[in-house]
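Chain letters run A, B, ... following the sequence lines, proteins first, then strands; residues in each count from 1. All values below were derived from every heavy atom in this structure, side-chain atoms included, with hydrogens, water molecules and symmetry-related copies excluded. The shown structure was predicted, so the numbers you read here are calculated from the model rather than taken from an experiment.
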Protein chains: 2
Amino acid sequence: MSQAHERPTLEAVARLAGVSRATVSRVVNGSPKVAEPIRSAVRRAVEELGYIPNAAARSLVTQRTDSIALVLPESASRVFSDDPFFPSIIHGVSQELDAADKQLVLMMTNTVAGYERVERYTTARHVDGVLFASTHGVDPLPGQLARLGVPVVVTGRPLGRSAVPYVDVDHVGGVRAAVRHLLETGHSRIATIAGPQDMVAGIDRLAGYRAELRGSDRRSIVAVGDFTRESGATAMRQLLEDDPLLDAVFVASDLMAHGAITTLRELGRRIPEDVAVVGFDDFDISRYTDPPLTTVRQPILELGRELARQLLRVIAGEEVPAAVVLPTELVVRASA
Amino acid sequence: MSQAHERPTLEAVARLAGVSRATVSRVVNGSPKVAEPIRSAVRRAVEELGYIPNAAARSLVTQRTDSIALVLPESASRVFSDDPFFPSIIHGVSQELDAADKQLVLMMTNTVAGYERVERYTTARHVDGVLFASTHGVDPLPGQLARLGVPVVVTGRPLGRSAVPYVDVDHVGGVRAAVRHLLETGHSRIATIAGPQDMVAGIDRLAGYRAELRGSDRRSIVAVGDFTRESGATAMRQLLEDDPLLDAVFVASDLMAHGAITTLRELGRRIPEDVAVVGFDDFDISRYTDPPLTTVRQPILELGRELARQLLRVIAGEEVPAAVVLPTELVVRASA
DNA sequence: TCTCATCCTGAAAGCGCTCTCACGTGCGGC
DNA sequence: GCCGCACGTGAGAGCGCTTTCAGGATGAGA
């Protein structure tokens, strides 16, 4: 099938250049202690043979693999088709790793077996470090790996205590700005559709809503969804049963906000005249809903990039902060 | 930082089990020619030490890496946030590779430098095979790699001739079904918003439209977009200028269809009463547009899975068909 | 009882690379 | 003119694994 199975080795280059393997290795790895004429002779030989170092051999001795794993949780499977969160994370991580010339190994653990594979793979040091785009519950794996000495960084403040550095966005700040906006624009009955309360994003966003409302004399009206569009639609219905006179709703995700808008439409409420709606995420689609959605933007791409950057620092042995929190920002459009 | 740098080696297991390295290796790799008592003794030692084979060392001798690369083109960068195509491909590929216990190395080449990296990386046999989710133009890299003996499979019928096996969906069949539906429901002026004509998806879908219309006495009315929402909106406007009386439009992607719907709305046309709209893709969001979009479903997840399966076959040395074409299906909703 | 095939097992040779040492050179300083 | 010191370079020892090959047991057949 191929004539190229015979890839040139260091040995071959060394012979052609008339030097030793050690010298070729030095040149290839940019060691400064090789005299110029020899250096260029080696370069020429490398060029001529199209020599490319064998990664396996190199890893074997250096103990580095120059690749890092990004682990996506079980739910990614479901979430993938509709929610740009994971794609954006991947994209951000990829950008940063590309720049650092590291490989991205993607692991989706949608089964128990998968979880085990991840564990095996990562503890076996097949990668230099592990990134968790973990959003759900309390995952023991990151801490476990960290304890084994594997560099680890996760997205999202871990529930429970954890010594693993994380990168997250300022959920509370963003939500407070959103609710404040609602208050300032004269709304008095402000409800919320919260996210799942086993996820930090769900918990923190609800906390932000409560915190901001506490400063006013408004009472809180809460329904809980699971970040899907359907759950948003259902929750909205429930909210309106609880308080038919509510005039605003902060929805903890754009997808749920879309669902809520659908419900509001069906029930004949005008947006924002009858009910103002604010989402959270600022997905691309939210610009195209009717009306365009006022929402809290979280920098997901940047989250991915920062995630990768932190891990690269850990791998390099630098100190990293226990937490990096990226700012969120209220984007006012027509829905509130 | 860690006490675990000392991972057990074959040697350690061998000592503990009182056998040679060779025997441990055989047990670990499931060779049948090890007597039962010894086999279980080794198993116990492996268990006790938590032994995990070192991938680099193994690769070095076996010449396999058990990982495969998925290369996403430049445009992925732009496309990622809004278009579930790539995420679904990734997801499908990942599922299949997980099952085969292979690692997925993701490479996004958004720069010329990136392209070179991909080339270096893949020709260096750091992976057992390469998948291209290539959709754009004529990419020489797949063919080049194939010629070097690297197993390669691509998505989408390659433009120009190519010896590389590919997996694609039945664009023409799906489009014809869509246009036929439009004809059968009594539409007489059926326009199309085509995709970019340097992409197979764009070309084939336009061809399908033309082919089906040729059987009727209707004339074709064509505008071209680039698969983005914005371009769909613009193209729709143009189409209406060309023929204000058109009563149906087949749009070559759901995203463009959403754009087209926006335009139709703005211009006061009712859907489907005044203008029927059919899309192509069946993205999740299309179920939630107003009205829900009639569209041609292409099985993207399955495309990814099939892609991976084909590559695994190539790697295993099996014969694979030059092309696998997956069926598409018209999904009738309210917009046509 | 001897031969021979059969079945396991271990010794050892690498896979391609990095990196420590030791070993020349060539030079300045005394 | 000799010593010592940089400075470069090469020899060689592995990194942890697989796999060939040879050889020791074992049991069947004669």
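We find that B:E302 and B:R309 are joined by a salt bridge, their nearest charged nitrogen and carboxylate oxygen being less than 4.0 Å apart. Ion pairing between a basic and an acidic side chain is recognised when a charged N comes within 4.0 Å of a carboxylate O; B:R64 and B:D128 show no such pairing. Between B:E47 and B:R44 no salt bridge is recorded (no basic side-chain N to carboxylate O distance below 4.0 Å). Ionic pairing of B:D66 and B:K102 is present here: one or more N-O contacts between side-chain nitrogen and carboxylate oxygen are shorter than 4.0 angstrom.
Checking D:dC17, D:dA11, C:dA11 against every side-chain atom of B:A57, the shortest atom distance belongs to D:dC17. Taking every side-chain heavy atom of B:A22 into account, D:dT19 is the closest of C:dC19, D:dC17, D:dT19. Across D:dC17, C:dC15, D:dG12, the shortest atom-to-atom separation from the side chain of B:L60 is found for C:dC15. Residue B:V34 has its side chain nearest to C:dT9 when only D:dG10, D:dG16, C:dT9 are considered. Side-chain proximity of A:Q63 to the nucleotides D:dT18, D:dG16, C:dC17 is greatest for D:dG16. Ranking D:dT9, D:dC17, D:dA11 by closeness to the A:A35 side chain, first place goes to D:dT9.
When the P atom of D:dG16 is taken as reference, atom CG of B:N54 falls 7 Å away, rounded to whole Å. When the C1' atom of D:dC15 is taken as reference, atom CD of B:E11 falls 13 Å away, rounded to whole Å. When rounded to the nearest whole Å, the span between CZ of B:R58 and C1' of C:dC15 equals 14 Å. Summarising the geometry, the separation between CD1 on A:I38 and C1' on D:dC7 is reported as 12 Å, rounded to the nearest angstrom. A straight line from CZ of B:R21 to P of D:dT20 spans 16 Å, rounded to a whole angstrom. Taking atom NZ on B:K33 and atom P on C:dT6, their separation rounds to 12 Å, with Å as the unit. Rounded to an integer number of Å, the gap from A:Y51 OH to C:dG16 P is 10 Å. Per the geometry, CG belonging to B:D66 stands 15 Å off P belonging to D:dC17, to the nearest Å.
Look at B:S20 and you'll find a side-chain N or O under 4.0 angstrom from OP1 or OP2 of C:dG10. Not one side-chain nitrogen or oxygen of B:S25 sits closer than 4.0 Å to the OP1 or OP2 atom of D:dC17. The side chain of B:T62 places no N or O atom within less than 4.0 Å of a non-bridging phosphate oxygen (OP1 or OP2) of D:dT18.
For D:dG10, its base sits under 3.5 Å from the side chain of A:R26 at one donor and acceptor pair at least.
Closest-nucleotide positions on DNA chain C for A:P53 and B:P32 were compared, and the one nearer the 5' end corresponds to B:P32. In terms of position on DNA chain C, the residue among B:V61 and B:V19 whose nearest nucleotide sits closer to the 5' end is B:V19.
Listed here is the closest heavy atom pair of B:S31 and B:R39: O-NH2, 3.1 Å.
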